Amino acid sequence: MSESQSASDSPPGPSVASDSSPARPVASDRPYDVVLFGATGFTGGLTAEYLAGRAEGEGTRWALAGRSRAKLEQRRTRLAAIDPAAAELDLLEADADDPAALRRVAESAKVVITTVGPYIRYGEPLVAACAQAGTDYVDLCGEPEFVDRMWLRHHARAAETGARLVHSCGFDSIPHDLGVLYTVQRLPEGVPITVAGFVRTNGTISGGTYQSTVEILARLRQGREVANERRALEPRPAGRVIVGLTPPPHADETAGGWVVAPPLIDPLVVLRSARALERYGPEFRYAHYMVVKRLPVLAVLGAGIVSLAALAQVKPTRDLLLRVKGSGEGPSEVRRARSWFNVRFKGEGGGRRVIAEVSGGDPGYGETSKMLAEAALCLAHDELPATAGQVTPAVAMGQALIDRLQRAGIRFATVADEPI
């Protein structure tokens, strides 16, 4: 896939290229800073636990939302063991297909977090409610079709109300989006820049992630159609060139292994940030890779994806696939404790080469819940650029979120900075 259009540790925030500068809505009279929707699920539960350890320190007013009051009460009881103040958390009953209840949730908060997926199945009513209410929204979505559909249907209204709709605030795609921003900020300004990102991880997936993957593969045609519709309507930056690169599999010295460009949402998010932020230069090119040690592993991975995609096209086999791993299932605490991720970035521009890394623990759950919660707290509490509508993490939060994640234990580091 290719898309083209004609430093210090805490550098200043980049300028945002935007056709509007909306005022943020006054939301100080809302009872909650943050509402977590989907608090009783696997990832939702981890996010709730993280918030329970962090919210009081920032004076955050927050609440739990979900469809089952009994399960919400059970979650609240477990959270009280982490923070006794959590015993007083309000519980908001709302189902993913109840627009009236979701509207009440959105109108009660500055920021709504949702972990309820697959988003293509369950996500739109809450996006619509937040766009209408001027409420900031964050999710874990790695589904390109859903993100494109939400831009087509709700970006304009969110821009009018001041709502910031920020998708992909977990391992999809914060380490990659903010890692590229971190790398770019360490290169000269006003010059053509090329960045390659190399992802390594030993993490495993939950039932929710598996379900979303099957949905994506089953809807490849619809996804392409919606992407083309968005591409035809979305404004492009004047006088700047933004290109996504997809070279064939090859051995790479910087990555330390064999690399392949996977069809994920991460490079799309990076390119959208590059279009919006002039700091990425007059020309910006990005390639996104998965790294494996041995070439045969690439062949096995490719064959597996092709087979899964073929089975997902037919309803009977798709239904069987969806029964293999249900939503709400996830890796054990012991397995998560052994998991890690490392994303290395090689950036070149203006006669310099920067090697940077973003790294942390369990990517899909421990660190994802941390990223999601810190993104919501960032939107709720921090001084940020004036943006609205559907925006990426780098555009909406940028350096403020990098600083938060570093304090939370996710490592952003410059490995090398040298002349070419």
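The model shown is predicted, which means the values in this text are computed figures rather than measured ones. All residue numbers refer to positions in the sequence shown, counting from 1.
Side-chain contact between T114 and Y122 is absent, with no heavy-atom pair separated by less than 4.5 Å. Here the side chains of I120 and R149 are in contact, with some heavy-atom distance below 4.5 Å. Inter-residue side-chain proximity for D172 and D266 is flagged as met; some heavy-atom pair is nearer than 4.5 Å. Under the 4.5 Å side-chain criterion, counting only non-hydrogen atoms from C-beta, Y289 is not in contact with T254. Side-chain contact between V291 and R344: absent, with no pair of heavy atoms (C-beta onward) separated by less than 4.5 Å. Between L79 and L64, the closest side-chain pair of non-hydrogen atoms falls below 4.5 Å. The shortest distance between side-chain heavy atoms of S108 and L92 falls below 4.5 Å. Between E357 and R411 the shortest side-chain heavy-atom distance falls below 4.5 Å.
Remark: R54 engages E374 in a salt bridge, criterion side-chain N to carboxylate O under 4.0 Å. Under the 4.0 Å criterion applied to side-chain N and carboxylate O atoms, K370 and E367 are assigned as salt-bridge partners.
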Please walk me through it: do V116 and L126 pass side chain to side chain contact (heavy atoms under 4.5 Å, CB included)?
CA-CA 10 Å; V116 180; L126 184 56; over 6 Å; no
Using the side chain to side chain contact (heavy atoms under 4.5 Å, CB included) rule, take M150 and E124 through it: C-alpha gap first, then chi angles, then the decisive distance, then the call.
CA-CA 7 Å; M150 295 309 95; E124 182 171 5; 3.6 Å; yes
Walk me through whether Q185 and Q399 qualify under side chain to side chain contact (heavy atoms under 4.5 Å, CB included).
CA-CA 10 Å; Q185 287 175 327; Q399 187 63 42; 3.1 Å; yes
Show the numbers, then the answer: is there a side chain to side chain contact (heavy atoms under 4.5 Å, CB included) between V111 and Y32?
CA-CA 8 Å; V111 186; Y32 311 114; over 6 Å; no
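Of the inter-residue distances, the one linking T40 atom OG1 with L72 atom CG reads 6.0 Å to the nearest 0.5 angstrom. Here the NZ atom belonging to K346 is positioned 12.5 Å from the OG1 atom belonging to T183, to the nearest 0.5 angstrom. In this structure, L377 CG and L401 CG are separated by 10.0 Å, a value rounded to the nearest 0.5 Å. T115 contributes atom OG1, which lies 7.5 Å from atom CG of L372 (distance to the nearest 0.5 angstrom). Here the CG-CD distance, from L91 to E73, works out to 6.0 Å after rounding to the nearest 0.5 Å. E107 contributes atom CD, which lies 9.0 Å from atom CZ of R104 (distance to the nearest 0.5 angstrom).
Looking at every heavy atom in both residues, M371 comes nearest to P175 through CE-CG, 3.6 Å. P393 and C169 get closest at one heavy-atom pair: CG-SG, 4.1 Å. Of all the heavy atoms in V112 and A106, the pair that sits closest is CG2-CA, 4.2 Å. Across every non-hydrogen atom of F37 and A94, the tightest pair is CE1-O, 3.4 Å. Residues V166 and A396 come closest through the heavy atom pair CG2-CB, 4.0 Å. The minimum heavy-atom distance linking S168 with I265 is given by the pair OG-CD1, 3.7 Å.
Between the D90 side chain and the A63 main chain, no donor and acceptor come within less than 3.5 Å of each other. In this structure a side-chain-to-backbone donor-acceptor pair under 3.5 Å is present from T161 to A131. When atom types are taken as modelled, the side chain of E58 and the backbone of H381 share no donor-acceptor pair closer than 3.5 angstrom. Side-chain atoms of S359 never come within 3.5 Å of backbone atoms of F341 as a donor-acceptor pair (strictly under, hydrogens ignored). For the pair S173 (side chain) and H176 (backbone), a donor-acceptor distance under 3.5 Å is absent. Of the possible polar contacts, none joining the D83 side chain to the G53 backbone as a donor-acceptor pair under 3.5 Å is found. Under the 3.5 Å distance criterion, the side-chain polar atoms of R103 are left unmatched by any main-chain donor or acceptor of Q132. In this structure, T368 contributes its side chain and F171 its backbone to a donor-acceptor pair below 3.5 Å. With hydrogens and angles disregarded, a donor-acceptor distance shorter than 3.5 Å links the side chain of N202 to the backbone of R338. Between the R240 side chain and the G281 main chain, a donor and an acceptor come within less than 3.5 Å of each other.
In the displayed structure, E189 atom CD is contacted under 6.0 Å by at most 12 heavy atoms of other residues, nucleotides or ligands.
Note: F146 and H167 meet the aromatic proximity criterion, with ring centroids under 6.0 Å apart.
Screening residues 192-201 for salt bridge (Lys or Arg N to Asp or Glu O under 4.0 Å) gives no qualifying pairs among residues at least two apart or on separate chains.
H288 and Y286 have tilted rings, their planes meeting at an angle from 30° to 60° on a 0 to 90° scale.
Between the side chains of D139 and Y119, not a single donor N or O lies within less than 3.5 Å of an accepting N or O.
Across R224, R231, R153, R272, a single residue satisfies salt bridge (charged side-chain N to carboxylate O under 4.0 Å, His left out) together with D148, and that is R272.
Checked against side chain to side chain donor-acceptor pair (under 3.5 Å), D382 has the following partners two or more places apart in sequence or in another chain: R404.
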